[in-house]
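Beneath this line is the structure, given in structure tokens, with notes to follow.
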Amino acid sequence: MLDIQILRNDIQGAAKRLESRKFSLDVAFFQALEAERKTVQTRTQELQARRNAASKAIGMKKAKGEDASEILAEVASLGDELKQNEASLDEIQGKMQAFLLSIPNLPHESVPFGQSEADNVEVSRWGEPKHYDFEVRDHVALGEGLSMLDFETAVKIAGSRFTLMKGAIARLHRALSQFMLDLHTTEHGYVEVYVPYMVNPESLRGTGQLPKFEEDLFKIPIGLPESTNAEYADILSKGVDSFKGHQRYYYLIPTAEVPLTNIVRDEILAPESLPIKYVAHTPCFRSEAGSYGRDVRGMIRQHQFDKVELVQIVHPEKSYEALDSLLGHAEEVLRRLELPYRVVSLCSGDMGFSSAKTYDIEVWLPAQKAYREISSCSNFEAFQARRMQARFKSGGKNELVHTLNGSGLAVGRTLVAILENNQQSDGSVSVPEALRPYMGGLERISAG
RNA sequence: GGAGAGUUGGCCGAGUGGUUUAAGGCGCACGCCUGGAAAGCGUGUUGAGGCGUAAGUCUCUCGGGGGUUCGAAUCCCCCAUUCUCCGCCA
């Protein structure tokens with residue numbers, strides 16, 4: 001959420017910066033609503049002040065045993081107008097809140113301008129893609145050849161966009177997450193956290209997935225009878241506090257970013273507790289609505305995948321420093337696994353809703369002859385913190401923290417990268433040195 | 001799942017419709033006192049926001065929401081959550 005002061009003071013400037021990310025800010029709507037708010041709020045507060053003064057006077061008269069019927073009659077006439085103004089103010093503030101929640105973050109000045117993926121800027125490259133003197137197979141062919149990846153059975157027991165892994169590949173998958181967690185906790189200073197895989201809508205609103213991106217999530221009703229979608233949409237935009245008769249939902253987490261970052265929601269932190277660095281390994285669930293036809297083959301794009309996620313909660317002056325370090329922590333995983341990659345700075349048009357600046361790490365996939373996203377590291381500045389009211393004490397004042405996160409890494413895609421990059425001519429796959437301790441010393445995955 | 005009891009400021013804790021404008025304590029900050037410190041004394045100390053150049057002033061905030069009332073921490077309803085007991089369970 002943007003600071004409403006930015007819209008009050010320099011809405012044209014904000015509109016221009018948002019335009020670079022293909023968001024059209026409704027300036028006229030905001031200004032009209034803001035003017036209305038001002039009028040109604042001033043009037044409401046004036047009436048409230050009069051009512052409070054009168055009520056106090058009544059109390060004092062009654063305490064002295066005097067007659068208060070004159071003031072009583074006077075204050076009664078305020079009632080209707082006050083009620084009307086309060087209701088109207090409530091409605092305006094609801095609209096304002098919904099409007100603010102729908103606006104994406106402002107891109108940092110260093111973010112390259114651009115429309116799409118094609119305009120992202122490569123900032124670094126590590127490792128050399130190997131040369132293969134045989135025809136390379138993709139991970140599907142390799143995994144099925146080893147009888148260790150089974151997409152058909154996954155379709156039978158769940159549906160498309162799920163994977164079944166068996167034997168050494170299942171173990172490799174487990175080894176990867178163990179290896180990543182160990183690296184980040186013992187060498188990069190993160191605290192390991194086990195989190196809920198289902199969260200409430202308040203948490204998703206805090207990190208920015210709600211109210212705008214509900215269709216990307218898996219949603220689970222709890223308790224109570226169904227309310228209509230329209231009613232629920234209204235609750236999402238105005239406020240998600242429960243009240244009589246309304247359905248509550250849990251959502252499957254689309255990333256551990258949601259539970260990890262929301263640890264500090266509604267907290268006022270001690271300044272010396274910063275930076276806070278959390279890491280968690282969780283499954284992630286995404287409905288992938290609107291991605292029909294994209295990456296349908298293999299385990300690149302799944303409804304369920306594992307990810308090791310890094311989150312940092314930092315002092316606002318340190319957040320870009322922290323973004324560099326976090327990016328380095330994610331890169332280190334690929335270096336240890338000896339997988340070639342590059343880092344790109346996402347352009348304004350390709351960044352996520354909540355982000356002020358994002359670096360993607362892309363790993364080389366020989367079967368696709370392309371670099372593919374395996375990690376996304378972002379600085380959200382105060383955007384999520386403002387939604388979450390996550391603050392720290394700063395010289396007597398409360399100041400919003402900055403939040404960051406990055407994948408370190410997406411486990412399924414890392415597995416794909418290892419299978420494809422380490423394949424041998426006979427269809428076997430060599431196990432990266434760094435993972436062998438986690439694989440009982442196994443050096444090569446072969447059929448049988 | 002059933003029954004009961006709780007949720008008050010950074011923390012503890014009082015408060016059953018009207019000087020509660022939330023007592024008191026702890027902690028913290030500043031000041032006085034002191035050679036310095038402790039003790040003592042004094043002042044301040046929830047958060048969000050409106051109006052105003054400012055001084056200031058007003059509104060909201062006692063787990064969340066709704067209601068009753070001129071007036072709600074206090075009464076009513078719904079929800080969340082914590083604790084105790086029972087049931088079930090990995």
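Values reported hereafter were calculated over all heavy atoms of this structure, with side chains retained and with hydrogens, waters and symmetry mates removed. We name chains A, B, ... by the order of the sequence lines, and we start the count at 1 in each one.
- The interatomic distance linking A:Ile92 (CD1) with B:G49 (P) rounds to 18 Å, in whole Å.
- Taking 4.0 angstrom as the limit, A:Asn52 places a side-chain polar atom (N or O) nearer than this to OP1 or OP2 of B:U59.
- Following rounding to the nearest Å, A:Leu82 (CG) and B:C58 (P) show an atom-to-atom distance of 17 Å.
- Distance noted for atom C1' between B:A22 and B:A73: 8 Å (whole Å).
- Of the candidate nucleotides B:C60, B:U21, B:C58, B:C58 has the atom lying nearest to any side-chain atom of A:Ala49.
- The CD atom of A:Gln389 sits 13 Å away from the C1' atom of B:U61 (whole-angstrom rounding).
- With both ends at atom C1', the span from B:G9 to B:G18 equals 23 Å, rounded to whole Å.
- Regarding contacts with the backbone of B:A48, every side-chain N or O of A:Arg386 stays at 4.0 angstrom or more from both OP1 and OP2.
- Side-chain atoms of A:Ser55 lie closest to B:G71 of the nucleotides B:G71, B:G52, B:U59.
- Along RNA chain B, the nucleotide closest to A:Gly59 and the one closest to A:Gln48 are compared, and the more 5′ of them pairs with A:Gly59.
- Paired with A:Lys357 under the rule side-chain hydrogen bond (donor to acceptor under 3.5 Å, both in side chains), one option of A:Ser348, A:Ser319, A:Ser110 passes, and it is A:Ser110.
- What separates CD of A:Glu36 from C1' of B:G50 is a distance of 16 Å, to the nearest Å.
- Closest approach of A:Ile11 and A:Gln31 over heavy atoms only: CG2-NE2, 3.6 Å.
- Nucleotide B:C60 forms a Watson-Crick or G-U wobble pair with B:G47, both donor-acceptor distances falling under 3.5 Å.
- Counting to the nearest Å, the C1' atom of B:G50 and the CG atom of A:Leu47 are 14 Å from each other.
- One can place CD of A:Glu46 at 10 Å from C1' of B:C58, the figure rounded to the nearest angstrom.
- Closest to the side chain of A:Gln45, out of B:C51, B:A48, B:C58, is B:C58.
- In this structure B:U68 sits in no base pair that meets the Watson-Crick or G-U test at under 3.5 Å.
- Judged by Watson-Crick or G-U wobble contacts below 3.5 Å, the nucleotide B:C26 has B:G10 as its partner.
- When all heavy atoms of A:Gln312 and A:Ala322 are compared, the pair lying nearest together is OE1-CB, 3.5 Å.
- The side chain to side chain contact (heavy atoms under 4.5 Å, CB included) test with A:Ile313 is passed by exactly one of A:Val264, A:Leu260, A:Ile263: A:Val264.
- The separation of B:G15 from B:G49, taken at their P atoms, amounts to 34 Å, rounded to a whole angstrom.
- If you measure from atom CG of A:Leu7 to atom P of B:G49, you get 14 Å, rounded to the nearest angstrom.
- Here, B:G6 and B:C62 have their C1' atoms 14 Å apart, quoted to the whole Å.
- Within the 4.0 Å cut-off from OP1 or OP2 of B:G50, at least one side-chain nitrogen or oxygen of A:Arg8 is found.
- As judged by a 4.0 angstrom heavy-atom cut-off over every strand, A:Ala54 is placed among residues making no nucleic acid contact.
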Applying side chain to side chain contact (heavy atoms under 4.5 Å, CB included) to A:Arg444 and A:Val429, what does each step give before you reach the verdict?
CA-CA 6 Å; A:Arg444 180 182 289 222; A:Val429 173; over 6 Å; no

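- Separating the C1' atom of B:G13 from that of B:A23 is a span of 10 Å, rounded to the nearest Å.
- Where A:Lys83 and A:Arg391 each meet RNA chain B at their nearest nucleotide, the meeting point lying more 5' is that of A:Arg391.
- Judged by a 6.0 Å distance limit and a 45° cone about the ring axis, A:Lys219 is positioned over the six-membered ring of A:Tyr249.
- Under the Watson-Crick or G-U wobble criterion, with both distances below 3.5 Å, B:G31 is paired with B:C41.
- Counting to the nearest Å, the P atom of B:C58 and the CZ atom of A:Arg43 are 17 Å from each other.
- In this structure, B:U84 forms a base pair with B:A3, meeting either the Watson-Crick or the G-U wobble geometry with both donor-acceptor distances under 3.5 Å.
- In this entry B:U53 has no Watson-Crick or G-U wobble partner, no candidate having both defining distances under 3.5 Å.
- With a 3.5 Å ceiling on both atom-pair distances, B:U74 lacks any Watson-Crick or G-U wobble partner.
- Using a cutoff of 4.0 Å between basic side-chain nitrogens and carboxylate oxygens, A:Glu288 and A:Arg286 are not scored as salt-bridged.
- Heavy atoms of A:Lys38 sit under 4.0 angstrom from primed sugar atoms or phosphate atoms, though from no base atom.
- A sub-4.0 Å separation between OP1 or OP2 of B:U59 and a side-chain N or O of A:Arg37 is absent.
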